[in-house]
Asks: 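Below is a structure I'd like to ask you about.
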Protein chains: 2
Amino acid sequence: MTEEARSRIVDAADALFYARGFGQVGMDAVRDAAGVSLKAIYKQFPSKEDLIIAVLEKRHGMWTSGVEGRVNAIADPVERLIAVYDFLADWFCEADFRGCGFINAFGELGAASPRVAEAVRVHKAGFQAYVARLAEEAGAPASLAPQLAILAEGAQVTAAIAGTSEAAAQARAAAEYLIAGALAAARGLPA
Amino acid sequence: MTEEARSRIVDAADALFYARGFGQVGMDAVRDAAGVSLKAIYKQFPSKEDLIIAVLEKRHGMWTSGVEGRVNAIADPVERLIAVYDFLADWFCEADFRGCGFINAFGELGAASPRVAEAVRVHKAGFQAYVARLAEEAGAPASLAPQLAILAEGAQVTAAIAGTSEAAAQARAAAEYLIAGALAAARGLPA
DNA sequence: TCGTCTGGAGAACGTACGTTCTCTAGACGC
DNA sequence: GCGTCTAGAGAACGTACGTTCTCCAGACGA
């Protein structure tokens, strides 16, 4: 029961934080949205910062399973890399898309909360490591993965601010070209 | 005199907002840092939001002049495009670098303040238009510029969160490859 | 010199919000 | 049946902060 309450709190807080920003959402609003008492929230999360960390952890899990689910539906190693951008394209089209919650969190709280900053760093490092693994499985040199990750980050920022989803396709096109070039060079070099 | 006070206020506020985030800086802190009275601030800026907008406008000017200054030191059209990433590299190495102030502002206030969201949109649209102009002058097809802009945005985010400057060089390398490919295609197509 | 006006310093006000406390009602073991 | 414990609802508390007000000192024109 306490576990279900916890996830109800985290889900409600996540939706509110993502939609409005952390500073614009009070614990009262979380309480109302989650349908629990303030005491119940503070029992699970001693402070708002703890709740924010929990929200980021949940969001990390959702992001990871979302990307990996999309990638794992594909077998071809190169297509698997590119599937990341198709995942982004779908995400950007969602009505409530408002950018990467981690980038937003870092911008708002990165300087004030070392724990938030660290959670964001861990999340982004995890994504970079995942892309690096996909790139390696595709036979690309190590220099490719950071470039692909940068494209993905830039697409998220651009789509959020512009309010359009076209950045996903643009990033995808750039990624395709970079991948093709990296693979051609890799096939050429280890003669 | 009032003009000098205004810029003192904006400069002080910009430094504080950028370093800590908007919500973490009260008007009292701005007053102390600017060395003016609260009344003087509210005379120039009827509300905190107005001050934030003014800070973003100043920051837009500094960014624009910084990038264009770097680019204009170079003649070769392709090198001018690439100079954008060298500008980023220098910026990322600054001790107080904490990401793009506009991306941070959008993450924190984009949902709460339409004026802030619009200022960020205008800023990013201006950068995209500038890159598009540089790309056109280099003879590249229109599809290149958005890709280069996305790389620049992604580099800013990645460098800020990772706390390292390597993203600039990675984005630069990707940009060089994309530019070379786009120019080769452009030379090939219009036979 | 005197009235007026500006601007500074800082108190004050109202509100929002993170956090805690109070009170109550039900559940559960003896 | 009775003490104890938990949990809920919501009040309450303290603080932070955006904004305004008060008071006063100096400048400047008549």
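Chain letters run A, B, ... following the sequence lines, proteins first, then strands; residues in each count from 1.
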Asks: Would you indicate which nucleotide in C/dT20, C/dG8, D/dA9 comes nearest to any side-chain atom of A/Tyr42?
Replies: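 Nucleotide nearest to A/Tyr42's side chain: C/dT20.
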Asks: Grab the CD-P distance between A/Gln24 and D/dG18 for me, whole Å please.
Replies: 12 Å
Asks: Nearest-Å distance, CG (A/Leu109) to P (C/dG18)?
Replies: 12 Å
Asks: In whole angstroms, how far is the C1' atom of C/dA16 from the CZ atom of A/Arg20?
Replies: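 The answer, rounded to whole Å, is 14 Å.
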Asks: Would B/Ser113 and B/Glu49 count as having a side-chain donor-acceptor pair, cut-off 3.5 Å?
Replies: yes
Asks: Starting at atom CG of A/Asp50, determine the distance to atom C1' of C/dG18, rounded to an integer number of angstrom.
Replies: 13 Å
Asks: I want to confirm an ordering. Mapping A/Asp28 and A/Gly35 to their closest nucleotides on DNA chain D, which one lands closer to the 5' end?
Replies: A/Gly35
Asks: What is the separation between atom CG on A/Leu16 and atom C1' on C/dC17, rounded to the nearest whole Å?
Replies: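 For the pair A/Leu16 CG and C/dC17 C1', the rounded distance is 15 Å.
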Asks: Roughly how far apart are B/Gln147 CD and B/Ile150 CD1, rounded to 0.5 Å?
Replies: 7.0 Å
Asks: If you pin A/Lys39 and A/Val25 to their nearest nucleotides in DNA chain C, which one's is more 5'?
Replies: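 Per heavy-atom nearest nucleotide, the more 5' residue is A/Val25.
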Asks: Between A/Arg31 and B/Leu38, which residue's closest nucleotide on DNA chain D lies nearer the 5′ terminus?
Replies: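 So the residue in question is A/Arg31.
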Asks: Quickly work out the A/Asp32 CG to C/dA16 P distance and round it to whole Å.
Replies: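 Rounding to the nearest Å, CG of A/Asp32 and P of C/dA16 are 15 Å apart.
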Asks: Rounded to whole Å, how long is the line connecting atom CG of B/Leu51 with atom C1' of D/dC17?
Replies: 14 Å
Asks: Evaluate whether atom CD of B/Glu137 has more than 12 neighbouring non-hydrogen atoms of other residues, nucleotides or ligands under 6.0 angstrom away.
Replies: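 Yes, because the 6.0 Å sphere around CD of B/Glu137 holds more than 12 heavy atoms from other groups.
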Asks: Measure the distance from CD1 on A/Ile41 to C1' on C/dT20 and round it to the nearest whole Å.
Replies: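 Rounded to whole Å, this separation is 14 Å.
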Asks: Respond yes when some side-chain nitrogen or oxygen of B/Lys48 is under 4.0 Å from OP1 or OP2 of D/dG18, and no when none is.
Replies: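 Yes, within the criterion.
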Asks: C/dG8, D/dG8, C/dG18: which one has an atom nearest the side-chain heavy atoms of A/Ala40?
Replies: D/dG8
Asks: Answer yes or no: are there more than 12 heavy-atom neighbours, outside A/Glu118 itself, under 6.0 Å from its atom CD?
Replies: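 Yes, the 6.0 Å shell around CD holds more than 12 heavy atoms from other groups.
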Asks: Counting C-beta onward and ignoring hydrogens, is there a side-chain heavy-atom pair between A/Thr164 and A/Phe92 closer than 4.5 Å?
Replies: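 Answer no - side chains too far apart.
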